[in-house]
Amino acid sequence: MSFKTTVATLCAFGALALSAGDMPVYMDSSQPLEARVQDALGRLTIEEKVALIHAQSKFSSPGVARLGIPELWCTDGPHGIRPEVFWDEWSQAGWTNDSCTAFPALTCLAATWNPDMSALYGKSIGEEAHYREKDVLLGPGVNIYRTPLNGRNFEYMGEDPYLASVMVVPYIKGVQSNGVATCVKHYALNNQEQRRHTTDVDLSDRALYEIYLPAFKAAVQDGGTWSIMSSYNLYKGRHVCQNPRLLKDILRDEWGFDGAVISDWGGVHDTEQAIDGGLDLEFGSWTNGLSEGKKRAYDSYHLADPYLALIRQGKVDTKELDAKASNVLRLIFRTAMNQSKPFGSMNSPEHLAAARRIGGEGIVLLKNEGGILPLDVNGKKKIAVIGENAIKPMTVGGGSSSLKARHEVSPLEGMKKRFGNDVEIVYARGYAGEQRKEHDGMKLLDLTDSRTPEELIAEAVDVARDADYVVFFGGLNKNPHQDCEDSDREGLGLPYGQDAVIVALAKANKNLVVVNISGNAVAMPWVKDVPAIVQGWFIGSEAGNAIADVLSGDVNPSGKLPFTFPARLEDVGAHAIGEYPGNKDALAASKQWGDTIPEYYHDDIYVGYRYADKAKTTPLFPFGHGLSYTTFHYGNIDLDRKPISPDGRLRLTVPVTNTGNRTGAETVQLYISDEKSSLPRPLKELKGFKKVVLRPGETKVVVFDIDCSALRYYDDRIHEWVCEPGKFTALVGASSRDIRGKADFKVE
């Protein structure tokens, strides 16, 4: 039995043994939360308060054993529960019972455009965290997709603040229904991995409030997250984990956050700034305890002995300490000392089914000329599966979200399982990437291949030439400089010479399907030569089965892109008019890793489709795009009244009909355009979406309620949200570039 379980059990039995008058308030879960917090706080010594607000191991803080307040245990997410590591090392501890269900990456979840899938995801991963006795799940991530080069985009929910806001809330509620806290990250402006510790972000308040903060605000006010993780970067000259503007003025004073702010590991740089900057709980990476020859290395953290010394010297008072300790106590009472938590579960059939369902619903059909998909194997003899990503494990790697999955179905395995009884499945490598035989203490599939690129292509073409269908699995992987923490991609193109493989396959066989496995947009110079393209994401344990479900037609694809696929990197605002990866002069003058690099977001509010609309570029695939194996007809838009008052509400309805011969789901998207405003605004902005399932020939009326929150912009001159009178246009469509109907209305 773990220490935490022992303490919780003793607390429970102790409570039964005491009379109501003798029971300490902090132990009595029937008492109001704040009464418990204040009662416990009053019983703590200064030393215990300080101990409460910093780590004691890689993933735990100590609690207060004297009072029966248990340790607080964190675990990396947001796609699965990280394997156990040694107390003071990053190496895996070698447990045999810590394998998890790997859920789809959050880009895949966002691509479902379905809050019900987000709720299922949160509930499922929360059950696994609870079973493993974790109190805080370090996720989900909601940083905005500003550039397709960001190595960590796969952990986030896309480029649009409204979409991310809607999708993050059910995830949070699902996790926390298990008595496990979400730690929404990385707050804020963590929009790149290159120089993430030293990039000093500056931007207009308008861009901050309209683009980069809404999902965090929704996580706090609508999701009720119990903790927030501060990001590594600086904001206006001060690291975020010790930045009072973000952590106090906005997070607590404006939004009313009552949870704990947890530092990213090793993100704290200054004791006094951490004291007054709004941080509550310090975790770290760089103080490696006994390996550095210190007996109590964690007591050397900024919010440890250095803080205690300042108090004893009279240089700081204990007001901030009490606030921090209160926030951590509140987190502990909601999680580790929560006596009403349901039972958890691990690797259950229900969790695997959830991973498969979410993955299938998030897969996006980008192109399907001639109806090559779904694959019809009647009378066919052979399917050629090509590409390293058909066999390469994708649950391992990527940084802190690397998992030890109990099993992972590869795309090749999924294809064989679904089609192998009907046709011959043959495989060829096609290309070879980096050859790593071990990662994070786990042995990987040996992909060593000494053949030249030319030899690999020749084999692939030979296999593909006489096949009925060719399915190429390529894209990115989770190695550094691809989809991976702590490094950004070096370009938009596919690695390992994949373009040459795809071009050769397209010439060899006209029935070619390209499945792109990635968490980011990629360049597709061969897009006109390939009849069918599928965006496959990192789907987790059930990846191969979920992909086979869609390719076979067992699941009708309904995913929509949560970010824009640009035709060129120059079509992205951060690269066209921004300063990514930082001010060029400062980068050129930088002589060492630790130099601070300023970066101003000149792209401002024009991120993703907002910039594409402004610059009038044609995306490779637009935001919100996704095809189906059936077709949908949008009827005429109806507005229930116009004009409306600034505090009124307008109801918009549009009938949608399935005009094909398969049951399918369509995500109807509502964009709003302000025809004339005091400040420049994007051409249109997503302000609503509804996913409807329709049988062949069935019609459903989709309803949107439009109020002032959908019409306003942030005026940073007066620090207020403004809903101006004037003319607006509601645009309803199947993507940001596939608008099916418009209707004008006025605000008086």
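This chain uses plain numbering: 1 for the first residue, then up along the sequence.
Checking side-chain atoms of T199 against main-chain N and O of R195 turns up a donor-acceptor pair under 3.5 Å. Of the possible donor and acceptor atoms, one in the side chain of D39 sits under 3.5 Å from a partner among the backbone N and O of V25. No donor-acceptor pair closer than 3.5 Å links the side chain of K58 to the backbone N or O of V85. Here the side chain of E282 pairs no donor or acceptor atom with the backbone of H54 at under 3.5 angstrom. A donor-acceptor pair is defined here as one N or O able to donate and one able to accept, closer than 3.5 Å; such a pair exists between the side chain of E193 and the backbone of D486. Panel note: side chain R132, backbone D98; a donor-acceptor pair is recorded below 3.5 Å. T75 contributes no side-chain N or O that, together with a main-chain N or O of K134, makes up a donor-acceptor pair within less than 3.5 Å.
For Y121 and F103, the distance between ring centers is under 6.0 angstrom. Aromatic ring centres of H197 and Y232: separated by under 6.0 Å. Ring pair F343/H130: centre-to-centre distance not below 6.0 Å.
To the nearest 0.5 angstrom, L331 atom CG is 8.5 Å from W226 atom CH2.
Within the structure, the side chain to side chain donor-acceptor pair (under 3.5 Å) test picks out the following pairs touching residues 269-280 (sequence neighbours left out): R238-Q273, R238-D276, H239-H269, Q242-Q273, R252-D280, T271-H302, D280-N327. Listed by first then second residue, pairs satisfying salt bridge (charged side-chain N to carboxylate O under 4.0 Å, His left out) with a partner in residues 309-330 read E34-R330, E47-R312, K49-D322, K248-E320, not counting sequence neighbours.
Surrounding OH of Y600 are more than 12 heavy atoms belonging to other residues, nucleotides or ligands, all under 6.0 Å away.
For the ring-ring contact (aromatic ring centres under 6.0 Å, His included) with F59, the lone residue among W87, F283, W265 that qualifies is W265.
Aromatic ring pairs are classed by plane angle as parallel below 30°, tilted from 30° to 60° and perpendicular above 60°; the pair Y714 and W721 is perpendicular.
With sequence neighbours excluded, the residues forming a side-chain contact (heavy atoms from CB on, under 4.5 Å) with R717 are S678, L679, D715, listed by chain and number.
Closest approach of D222 and K173 over heavy atoms only: O-CE, 3.2 Å.
Salt bridge status for R43 with E48: absent, with no side-chain N to carboxylate O gap under 4.0 Å.
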